[in-house]
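Structure first, then comments.
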Amino acid sequence: MQTMTYRIADILLDWYSREGRDLPWRRTRDPYRIWLSEVILQQTRVAQGTEYYLRFVGRFPDVRSLASASEDEVLKLWQGLGYYSRARNLHAAARQVVDDFGGRFPTTFAGVRSLRGVGDYTAAAVCSAAYSLPYAAVDGNVYRVLSRLFDIAEPIDTASGRRLFAELARSQLDERDPGRYNQAIMDFGALRCTPSPPRCGECPFGDRCLALAAGTVVSRPVKQGRTQLRDRWFHYLHITSGGRTLLCRRSGRDIWQGLYEFPLLETPEAADFGALLRMPRFAELLGDAPWRLLGSMPVARHQLSHQTIHAVFHRIETPSLTPAAEALAVPTGTLGDYAVPRLIDRYLMSCQR
DNA sequence: AACCCGGGGAT
DNA sequence: ATCCCAGGGTT
């Protein structure tokens, strides 16, 4: 008698054949669509990203159509998904494909990896799924699954930890079907080997999971982590004059780059309207015109992963615009054409009622 | 290496 | 409230 021992890959692939998900981007080998799905799903749940994927594929069926769009249109389609640099990089990468690769999506790891917004994970995911190239994709799911199966206490968010897990992931890859293997281990992490509570009772690995044997499942993976929140106080001036509204495009190295918002006065701490009156930007926008404050609406704190935004919207009507304000005025009816942060979108929704 | 970049869902 | 999500770029 001899007991069969299966490779981890075999167990994952067997589980995947029974319980894997049927997702739109798994029904194609088109590298463009696979890349698009991977960028959308960076730090984003499948449930949230799927409708954006379908929306993008519908509007931009190939890389050339995406490359020839305006950045504003891409951002508008991306509105609400967060991490907007992904959208800007997506657009830039599409232009790279047209300019540097003659419109044909790159077919090597180095080529895919050279695209804006494509790191080691995304390049591996695309190359394995589209071209069956033997690269192991290491995402949050893979860190969790491997750290548990091997009961690894090394933190995943250090350079040496990432190297360790990259090497381990490589050693487990099934080179006969790398794309399917990568999807299998990620689905397993997303559906069975979940953060908490993990479903160890119905796990195909049973006592082959070292963390289960050691009782350390819930504390894997280990992260150094250091999350420090920053508080910010935003005062938005919702200024209208006739049928026009003032709108600014965010720039610089800050949140929401490329998105639109009302003129913003930021203060280092909570401030009342009187404090705003003394700010130079206020006079620049409203000058001596007989403006009227129609009301102020504080917003429940808006929580980002690293910042807490305390926002107040000040509704102001003025009969005339200063030169500085004139440059920002857009017809009020076109507000819906601009990509705006969720915070602004919610405020606009509340105004329509 | 440390920090920055969103929004939503689950616990 | 806290954590996490098919991560990547910048400094």
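Keep in mind the model is a prediction, meaning the values are calculated, not measured.
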| query | At under 4.0 Å, does any side-chain N or O of A:H302 touch on OP1 or OP2 of B:dG7? | reply | yes
| message | Strictly below 4.0 Å: does A:H306 bring a side-chain N or O up to OP1 or OP2 of B:dC4? | response | no
| said: With a 6.0 Å cut-off (strictly less than), is the heavy-atom count around CG of A:D288, excluding the residue itself, greater than 12? | reply: no
| query | In this structure, are over 12 heavy atoms from other groups packed under 6.0 Å from A:R7 atom CZ? | reply | yes
| request: Hey, can you tell me if A:F262 and A:Y347 have their rings parallel, tilted or perpendicular (30° and 60° cut-offs)? | output: perpendicular
| field | Parallel, tilted or perpendicular, as decided by the 30° and 60° cut-offs, for the rings of A:Y236 and A:F234 | value | perpendicular
[X] [atom1] to [N] [atom2], straight-line distance once rounded to whole Å:
| X | N | atom1 | atom2 | answer |
| --- | --- | --- | --- | --- |
| A:K223 | C:dT2 | NZ | P | 16 Å |
| A:I156 | B:dA2 | CD1 | P | 15 Å |
| A:D157 | C:dC4 | CG | P | 10 Å |
| A:R250 | B:dG6 | CZ | C1' | 12 Å |
| A:F188 | C:dC5 | CZ | C1' | 18 Å |
| A:F234 | B:dG6 | CZ | P | 11 Å |
| A:Q48 | C:dC5 | CD | P | 14 Å |
| A:R199 | B:dT11 | CZ | C1' | 14 Å |

Tell me if a side-chain donor or acceptor on [X] pairs with a main-chain N or O of [Y] at a distance below 3.5 Å.
| X | Y | value |
| --- | --- | --- |
| A:T322 | A:A325 | yes |
| A:S114 | A:V112 | no |
| A:T216 | A:S219 | no |
| A:E317 | A:R292 | no |

| said: Which is more 5' along DNA chain B, the nucleotide nearest A:T158 or the one nearest A:V340? Just name the residue. | reply: A:T158
Regarding [X], tell me which of base, sugar-phosphate or nothing describes its non-hydrogen contacts under 4.0 Å with the strands shown.
| X | answer |
| --- | --- |
| A:I40 | nothing |
| A:A159 | sugar-phosphate |
| A:Q257 | nothing |

| request: Would you jot down, in residue-number order, the residues of residues 51-78 of chain A having a non-hydrogen atom under 4.0 Å from DNA chain C? | output: none
| request: For the residue pair A:S65 and A:R59, confirm or rule out a side-chain donor-acceptor distance under 3.5 Å. | output: no
| request: Summarise protein proximity over nucleotides 6-11 of chain C in one line of letters, 5' to 3': B for base, S for sugar-phosphate only, - for none, counting protein heavy atoms closer than 4.0 Å. | output: BBSSSS
| said: Please report the distance separating the C1' of B:dC5 from the corresponding atom of C:dC4, rounded so that it comes out in whole Å. | reply: 16 Å
| Distance between P atoms of C:dG8 and B:dG8 (Å, rounded) | 22 Å
Please table the atom pairs, donor to acceptor, closer than 3.5 Å between any side-chain atom in residues 271-278 of chain A and protein atoms at least two apart or in another chain.
| from | atom 1 | to | atom 2 | distance (Å) |
| --- | --- | --- | --- | --- |
| A:D272 | OD1 | A:G274 | N | 3.2 |
| A:D272 | OD1 | A:A275 | N | 3.0 |

| note | Hits for salt bridge (Lys or Arg N to Asp or Glu O under 4.0 Å) against A:R113, two or more places apart or cross-chain, chain-then-number order -> A:D120
| remark: Per the under-4.0 Å heavy-atom filter, residues of residues 161-171 of chain A near DNA chain B come out as none
Expected list for residues 189-207 of chain A: side-chain donor-acceptor pairs under 3.5 angstrom, two or more places apart:
| from | atom 1 | to | atom 2 | distance (Å) |
| --- | --- | --- | --- | --- |
| A:R192 | NE | A:E19 | OE1 | 3.3 |
| A:R192 | NH2 | A:E19 | OE1 | 2.3 |
| A:T194 | OG1 | A:P197 | O | 3.0 |

